[in-house]
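Data first, discussion second: the structure below is written as structure tokens.
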Protein chains: 2
Amino acid sequence: MVAYQGGDGWAALGDPTRRAIVACLAERPRAVGELAADLPVSRPAVSQALKLLKEAGLVAERAAGTRRIYRLNPAAVAALRDQLDAFWNRALSHYADVVEQPEEKS
Amino acid sequence: MVAYQGGDGWAALGDPTRRAIVACLAERPRAVGELAADLPVSRPAVSQALKLLKEAGLVAERAAGTRRIYRLNPAAVAALRDQLDAFWNRALSHYADVVEQPEEKS
DNA sequence: ATGCACCGTAAGAGTATGCTTACGGTGCCC
DNA sequence: GGGCACCGTAAGCATACTCTTACGGTGCAT
């Protein structure tokens, strides 16, 4: 059950515009034009950003007439969060040694 | 106590090479040459990647002779994780409506 | 049926990014 | 002191990325 392949979630979040979109969508599902109105970029730019986000599995779309309502996919966000959590846990075990002995031998 | 400003943690993780470095450092602190040996890029490339990661606060360096030991900064990772968690929580409240009705009306 | 509103895609340009090679500085060992 | 190993930085290049403008398709309301 991979479910989010095809695009890179991390790369998707690397762009400030896409991150802003994710932030907007986290608060409330929105249409493309609505997102563009709140962002400093054109509507097509938002469309392209949403395409990448959708390929990364971070957002899902829902048709409503001619409008396309995009919403955040919590599962994908959770997957990324878990990866970060794994890094965090692994690093902590080694970090413990460091705090114990900031002065390294020889 | 912000402590991690100056660079963008998300942008830093957007690059596959830097993400690989983070993954290596999560398992164990390493020197530059050691990282380069396990990566498909040159040593200077690793140096540049580490510079960005350091500016983003994701890694910390420790001098050991002529060697520079880099280690992951768990606090920075946790900060990013918390941001993702915030998105996750906000999205969940709206997602609840959707899971109740996977079949959209009309 | 006609007009309108909304959206995705194509093409293009300008910018930004990441890698490699070459160089200089620093600390350790013999 | 001489040599060596390790690392950061500079310059340059090739690539990838993101944005904008222009266009075509679709669904709704009148």
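It should be emphasised that the depicted structure is a prediction, and the values quoted were computed from it without experimental measurement. Naming: A, B, ... by sequence-line order, numbering from 1 per chain.
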In terms of heavy-atom contacts, A/A91 and B/P74 come closest through CB-CG, 4.0 Å

Mind calculating the distance between CZ (B/R68) and C1' (C/dG25) to the nearest angstrom? 11 Å

Closer to the 5' end of DNA chain C via nearest nucleotide, is it A/I69 or B/L52? A/I69

If you look at every heavy atom in B/A26 and A/F87, which pair is closest and at what distance? CB-CD2, 3.8 Å

So do the side chains of B/L25 and B/R30 get within less than 4.5 Å of each other, counting heavy atoms only? yes

Is there a side-chain contact between B/D15 and B/L52, using heavy atoms and a 4.5 Å cut-off? no

Can you name the nearest heavy-atom pair linking B/V59 to B/L50, along with the distance? CG2-O, 4.0 Å

Of the listed C/dC7, C/dG8, D/dC6, the closest approach to the A/R67 side chain comes from C/dC7

For C/dG8, does either OP1 or OP2 sit under 4.0 Å from a side-chain N or O belonging to A/Y70? yes

Closest-nucleotide 5' rank along DNA chain D - winner of A/R43 and A/G65: A/R43

Separation of B/L35 atom CG from C/dC19 atom P, in whole Å? 13 Å

Interatomic distance, B/L13 CG vs C/dG18 P [rounded to whole Å]: 12 Å

Atom-pair distance (CG on B/L50; C1' on C/dC19), nearest Å: 15 Å

Just to verify, what does A/A37 make a side chain to side chain contact (heavy atoms under 4.5 Å, CB included) with, not counting sequence neighbours? none

Report yes if the side chains of A/L13 and A/L58 come closer than 4.5 Å at any heavy-atom pair, otherwise no. yes

When the distance from NZ of A/K51 to P of D/dC19 is rounded to whole Å, what number comes out? 15 Å

Kindly point out which of D/dC7, D/dT20, C/dT20 is positioned nearest to the side chain of A/P44? D/dT20

Would you say the base of C/dT17 and the side-chain of B/Q48 have a donor-acceptor pair closer than 3.5 Å? no

Of the listed nucleotides (C/dG8, D/dT20, D/dG8), which one gets closest to any side-chain atom of B/E61? D/dG8

Members of residues 14-22 of chain B that approach DNA chain C, where some heavy atom sits under 4.0 Å away: B/D15, B/T17, B/R18

Would one find a side-chain N or O of B/T66 under 4.0 angstrom from OP1 or OP2 of C/dG27? no

Contact nearer the 5' end of DNA chain C, comparing A/A31 with B/S42: A/A31

Any idea which of C/dG8, D/dT21, D/dT9 is nearest the A/V32 side chain? C/dG8

Rounded to whole Å, how long is the line connecting atom CZ of B/R62 with atom P of D/dC6? 17 Å

